[in-house]
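Numbers here simply count residues along the sequence, with the first being 1.
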Amino acid sequence: MAEYVASAAAEIVADQAREYASPYLSSIFSYEKIVEDFTSKREELEGKKKRVDTRVDEAKKQNELIHTDVDNWLTSAEKELKETQNLKDEIDGVKRSKWCRKLSWRCSLTKKLAEKIPIISKLLETSNFPQVGYRRPLQGIEFITSTDFMDSESSKSAFNQIMEAINAKGVNMIGLHGMPGVGKTTLAKEVGKHAREQKLFDKVVMFTMSQNPVINKIQDKVADIFGLKFDASSQEGRAEELFRSMQRVEKILVIVDDLWEEFKLEDIGIPFGDDHKGCKILLTTRQQQVCSKMKCQKEIQLGILSKDEAWVLFRDKAGLEDDCSTLNDVAKEVAAECKGLPLAIVVVAKALKGESLNGWRDANQRFKDSTHLYDEEVLGGVLQPLKLSYNYLKKGINQMTGNHIQMCFLLCSLFPEDEEILTEILIMCGIGVGLFPNFYSIEDKRKKIVEALKKLQKSGLLLETDGADKIRINDVIRDFAHWLTSTGENRFMVKDTLEEWPHMDGSYTAIALWNCSRIIKKFPDKVEFSKLKTLFLEGERKWNRDDLLVVFGTYFEQMKALQVLLLQRVSFSLKGFPSLPNLKTLWCFNCMLENFSSSLTNMRSLEILALIGTNIDEISEELVKLSALKYLRLSGINFPPGLVSRLTSLQELHVKTKNNLNLLELKSLSPLTALSLRLSTNQIPLEDFVLPKLQRYAIAVGDNCISNNREAFRTLDIQNFSSSLSAFNNLFCNVEALSLRNVGGQKNIVPSIDEMGLNDLTSLDLVSCNDMEFLIDTINDQGSTVAFSNLVKLNIGSMVSLKGLCYGVSPTRFLQNLKQVSIHWCDELQVIFQIDKLSEKMKYQTPLLSNLTILSLHALPKLKRIWEVKPSHRAIASLQSLKVVTIKYCDNLETIFSPCLALSMLHLQELDISDCDRLEQVIGFGQEDEIIENDSPLCCWPKLTTLRIESCPNLKYVCANTWTQGLQSLESVNIRYCPQLIQVFNVEQNKHGQDIVLPELGSQNHCWTKLKTLWIVDCQLLKYVFANTLSQGFPLLESLHLMHCAQLLQVFSSTEERDVIGDHILLNVPFLKILKVSNSQLIEELVLSNVGNSRQLCNTDVPVLNEGCIVVGNHEEVFQVQGGYSFSSIKELKLWNLFEVRVIWNDFAQVVTLENLTTLTLSGCKKLRYIFSPMMARSLSHLEHLFIVGCEEIERLILAKDQVSSSSSNGDTSLQPMSFPNLTQIVVANCKNLNSLFPFGFVSILPKLESLLVGRNSKLEQVFELEEKVEVVVEEEMKFDKLKWLSLEEIPGLIHFCPKGYHSVFPAMIELKVRDCPKLTSGFFIDSQEFVHCKTKALQLVEQDAIEESTTVRNAIFNENIDWS
């Protein structure tokens, strides 16, 4: 189709017009012919335009986009019709006129018409459009309608991680996982919406997989987005067409929602990876393992909402107002029952929207009674997606295993709401109900149940906890489990805080009654539960033994099917247990079990017995009759001699308290695989005894040992032991956590304790082993040993003989997995990591220390070097994972990092150094043979957020001869008491005198864009904080403290011309609150202290506020303010020891208000002349505390009117009378040139003043003076209703307290001190109401009045509340 636009037509119109017009112009008598031709063509164009307009309207109704040439044609046609309307009107006017127009007019009109006719003709020729529009590309309805996204902390974090991964090179598969209903789909939609709006991709498509995906429908949806019409009919053929179509689009984001299992996206026709590097995949799934199977390069977990976030979402969906109504109080309780799960929140809130208060109360009660589970309207939308996840647990595995995994989930729902569940208890209950019967040993069953729990966690039905020994279930999912078990084969009942026995029939298979009151009503003596297999019974949660729940033995008589019995805080009658032939697990915690031993004969099937915190002192011989017993856990119970050796079926023995066990009896327990014991040192046999080989153990030896609960690991803790360690030889070979405290006689661990190298060891704790010199001695081995290859955590303390970690050549894989190192109080240690002594094998393995994340060194007085690295060994040592470094009291340390190691520290986040007396450089070259050339820039620590250096008296540089660029993550810098520090961050120059700029950082080369806090205290030699700082460098800076830095010249500087105006550096710091320099509305506190002879601290440009600038510094003016600034939020202003300051602010009255200032402190500003102009003083309505000390040149606090014009461009001070309505405390001292404090124009100048302390101001003549110099004819009263403390001391020039003719009254005065004021003419006395008065008379009356009133005054002032000197 030919395309013509208006501009093209205009270019050729002139030639065509002349050509067309020539026959007409040849004779002026052709006028009628031209008019007829023009009229007919214009009418034809009008009709054609209407038809095209109609077609365009129809196309738009069909959601089509209009072709560009059609739009252009309509624009041109509209333009021509408008432009020729005047010509048409002229023609019509001639027809109506009776007069014949002049020949010249007709010639002119003929010419105009002749020029327009070819343009109209051309438009008519190009008006035949086969199609006016085309199908609009689909964008995805989910992105258009996505409005449910809530910006919670969890979703915000996940969103940011997803966007970071999307933008990362080499990442093409991203996985988002989380429990059902947590908001994965909503977040994925928001990602797609954001990506489309920001035009990050050419196409964004989202589709749902579900459990049983219909591939053809998915292909149709994707094809719609790409505008593809399939020719092929087979699924494979359509996939190929889609594959080729998508390959032609450069950048694509594909969101695969609700993926249940591994799936080949190629089967749909989605190209990615090597087939399409511009295609990124974001998938959402409930199961973390799906992310792993799909080989996601980035896995992100989405968590639940916080309590506050949940309420905001709930309130919004329920349509509630944000107020404190009773309805909202009830609604908050309902919202809390949703436990932060967005799906539950939305479903419940919408179901209850519009309900009355009674309706809300009813719903709340149903939640508490769990009857909400049967209300499909309330929870139906939540339960069905959860049931899909529950049923999916069986997929891909045999029926029995699937059932057992589901039973594990249901067992978790028996435990109390919001409580973490001990995995060990859950495992033993699972074994008791018969899970995984094909596995015989306790250990094998444990592994299968742990495997099932992990599957449940990855499926989102269970939650992880901080500890590996506990799990957790979300309360909404727990409610779902209760819904599942409300009917059917497995019927459960769970009640909490039971005060009355519930109505129950005999069909339950599991009952859990928690926190039952000891005075529970209608507690039955006997119940008939013939199907009951599991019973959890807990008494009231009080520590008093008298509050135990009393249960009679007959209660259990009709529970013949019972397999698991868990009892907490329960007391039994003397009859004991009845016969429970099927009981497999009995777990008793804090129970009173009198006559318990005689009941054991009634539990012949018992396999698992736990008695913890019971009142049984010694276990009975009856225990031997439990022939099936495999697991025994005891606390506070002793053994009869010879009993343990006869428990021949025992596989696991756990005794967590002191006991009398004879270890020799363990030799008879051949099935024993797990052992937990707490032993005293004298229980270790002196003869040749060796503990058996065990799969799991937690053994603590020593009277002061505190047993741990890490039974899932192999742990050995030995304290205060000086004998041979041979008894533990079978354990050293596979020990995972080893702790030796005050263990003597060992010079090393390898080979003295174990020759094999302890390669299963993950945690090593050594304290006060005074004979130990090294961890390993390889002097006779020459590096062939593999040792400590899996050690993750190393803690060494108070080892007085320790000289190093390795003596000799480091063994193969030595410490290659080490993550945490803590070493303290080791007096002889000089070098920690000796990387210069390595075997040849080490040079070809994973770099040493490459997994180290945390390093803490404390009190190592002889430590000279942390690492000893030869230049030739740089490639085999790396600190690439190091995140946190803390070094304290290492007095001999001169440098910390060598440049080669500093270069590798790409993940360092926190660096804390203190009390290292000889430390000179954090990064230094002194210990290396090679020096890095200046032209090779060192960029390190890109993730450093916190830098703290304190009390390092010899520290000169954080780094010297290096270039610490790229500190873009730095948030906090705190440097104190480093008197030799010269510069904090030094940007070096190359040999040509040019700044080294890293090409990858570009304009951000010297930027600290995340810095929030900067403290520099007591660094007397420090001249520069940041050198060569760019103006974009500190957008988040909130707090800047500079104290006692006498040589400080500059904080921020720049070499960029665009950042400098004269001597002023422009800096954007919009969030600064302490030392406020920009965006004044946010200021809260301003402190300048001891900044020496600084020319300027910082100058800022704030384009938002009229492009003005504020200059803050210790020069003649503290603030230079231009533009429309308001300091309306500043509360505290403190200026200390600014020796050069003469004026705090210039032209302040014109542009600044301090309406919220509460505290003003000026100290040591020796050249300051005044503080406020009268106008500014009038704005201080909230000022409460005023402290002025040591400002020697100050003459007045507030300028007099006759001084205003020379100091301010605004001389109008008549806005309102001067007053300080909230000022409560005034201290003015050591201001030797001050001659008056306050001018005032009316009585209530200081209505709330409580304390006025004035002292050592040698030229002060009067405290208060009249604002206008007028003579007072009639005595006036000035009342200070709140003033309690008044002190006037050492003021030799003081004449008046208040102006002549004024009488001051102090009704609340508590203490009055007047001392060394020889010229004072104001007299103080007390009246009959015990009010203090002060009067100043005319000079000729002073002596006479003083004689008359002296007796009265002196008698009055000796009151107990007045002190007169």
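Here the CD1-OG distance, from Ile1188 to Ser1163, works out to 11.0 Å after rounding to the nearest 0.5 Å. Atoms CD1 and CG, on Ile1198 and Leu1237 in that order, are 9.5 Å from each other to the nearest 0.5 Å. Atom OG of Ser1287 is separated from atom CD1 of Ile1226 by 13.0 Å, given to the nearest 0.5 angstrom. Put simply, CG on Leu955 and CG on Leu981 are 5.5 Å apart, with the number rounded to the nearest 0.5 Å. To the nearest 0.5 Å, the span separating CZ on Phe1220 from CG on Leu1180 amounts to 5.5 Å. Leu1223 CG to Leu1186 CG: the interatomic distance, rounded to the nearest 0.5 Å, is 6.0 Å.
In terms of modelled atom types and a separation under 3.5 Å, the side chain of Thr1321 and the main chain of His1296 share no donor-acceptor contact. In this structure, the side chain of Ser1236 does not engage the main chain of Gln1262 through any donor-acceptor pair within 3.5 Å. Between the side chain of Asn1257 and the main chain of Cys1231, a donor-acceptor pair closer than 3.5 Å is present. A donor-acceptor pair is defined here as one N or O able to donate and one able to accept, closer than 3.5 Å; such a pair exists between the side chain of Asn328 and the backbone of Glu321.
Inter-residue side-chain proximity for Lys1248 and Thr1224 is flagged as met; some heavy-atom pair is nearer than 4.5 Å. Side-chain atoms of Leu1160 and Leu1183, non-hydrogen and from C-beta on, do get closer than 4.5 Å to each other. Using a 4.5 Å cut-off on side-chain heavy atoms (C-beta onward), Leu1249 and Lys1282 make no contact. With contacts defined as side-chain heavy-atom distances shorter than 4.5 Å, the pair Thr1161/Thr1159 qualifies. The closest side-chain heavy-atom distance from Leu1253 to Leu1286 is not below 4.5 Å. Contact annotation: the side chain of Lys1284 never approaches that of Ser1251 to less than 4.5 Å [non-hydrogen atoms, C-beta and beyond]. The side-chain heavy atoms of Asn1235 and Arg1196, taken from C-beta on, include a pair separated by under 4.5 Å. In this structure, Val1189 and Leu1162 have side chains that are not in contact, with every pair of non-hydrogen atoms separated by 4.5 Å or more.
The ring pair (Phe, Tyr, Trp, His ring centres under 6.0 Å) test applied to His1185 returns no partner, not counting sequence neighbours. Remark: Asp917 pairs with no residue by the side-chain hydrogen bond (donor to acceptor under 3.5 Å, both in side chains) rule, at least two apart or across chains. Legend: residues meeting ring pair (Phe, Tyr, Trp, His ring centres under 6.0 Å) with Tyr889, ordered by chain and number and at least two apart, are His858. Glu1290 pairs by the salt bridge (Lys or Arg N to Asp or Glu O under 4.0 Å) definition with Arg1315, not counting sequence neighbours.
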What's the verdict on side chain to side chain contact (heavy atoms under 4.5 Å, CB included) for Tyr977 and Asp915, showing C-alpha distance, side-chain angles and the deciding distance? CA-CA 10 Å; Tyr977 317 119; Asp915 299 282; over 6 Å; no
Show, in sequence, the C-alpha distance, side-chain angles and deciding distance for Gln1225 and Phe1187, and conclude whether the side chain to side chain contact (heavy atoms under 4.5 Å, CB included) test is met. CA-CA 8 Å; Gln1225 186 178 13; Phe1187 306 98; 3.5 Å; yes
Side chain to side chain contact (heavy atoms under 4.5 Å, CB included) between Leu1014 and Ile975, intermediate numbers included: CA-CA 8 Å; Leu1014 174 63; Ile975 300 178; over 6 Å; no
Audit row: Val1254, Leu1260, side chain to side chain contact (heavy atoms under 4.5 Å, CB included) steps and yes/no: CA-CA 10 Å; Val1254 184; Leu1260 184 65; 3.5 Å; yes
Worked check of side chain to side chain donor-acceptor pair (under 3.5 Å) between Asn1233 and Lys1259: CA-CA 5 Å; Asn1233 281 300; Lys1259 292 186 179 180; 2.9 Å; yes
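Within the structure, the salt bridge (charged side-chain N to carboxylate O under 4.0 Å, His left out) test picks out no pair touching residues 1222-1231 (sequence neighbours left out).
In plain terms, the two heavy atoms of Val1314 and Phe1324 that are nearest each other are CG2-CE1, 4.1 Å. Contact detail for Cys1191 and Gly1164: the closest heavy-atom pair is SG-N, 4.4 Å. Heavy atoms only, all atoms of each residue included: Arg1256 and Ala1229 are closest at NH2-CB, 4.2 Å. Leu1022 and Ile982 make their closest contact through CD1-O, 3.3 Å (heavy atoms, listed as atom of the first residue, atom of the second, distance). Contact between Cys1317 and Leu1288 at its shortest, heavy atoms only, is SG-O, 3.6 Å. The minimum heavy-atom distance linking Leu1294 with Glu1261 is given by the pair CD1-O, 3.4 Å.
Between His1333 and Phe1325, the ring planes lie parallel to each other; the angle is under 30°, not in the 30° to 60° tilted range. The aromatic rings of Phe1280 and Phe1306 sit parallel to each other, their planes meeting at less than 30°, with 60° as the upper class boundary.
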Distance-only check: which donor-acceptor pairs under 3.5 Å involve side-chain atoms of residues 945-952, not counting sequence neighbours?
from	atom 1	to	atom 2	distance (Å)
Thr945	OG1	Gln909	O	2.9
Arg948	NH1	Asp912	OD1	2.5
Arg948	NH1	Asp912	OD2	3.2
Arg948	NH2	Glu950	OE1	2.8

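Remark: Glu1311 engages Lys1313 in a salt bridge, criterion side-chain N to carboxylate O under 4.0 Å.
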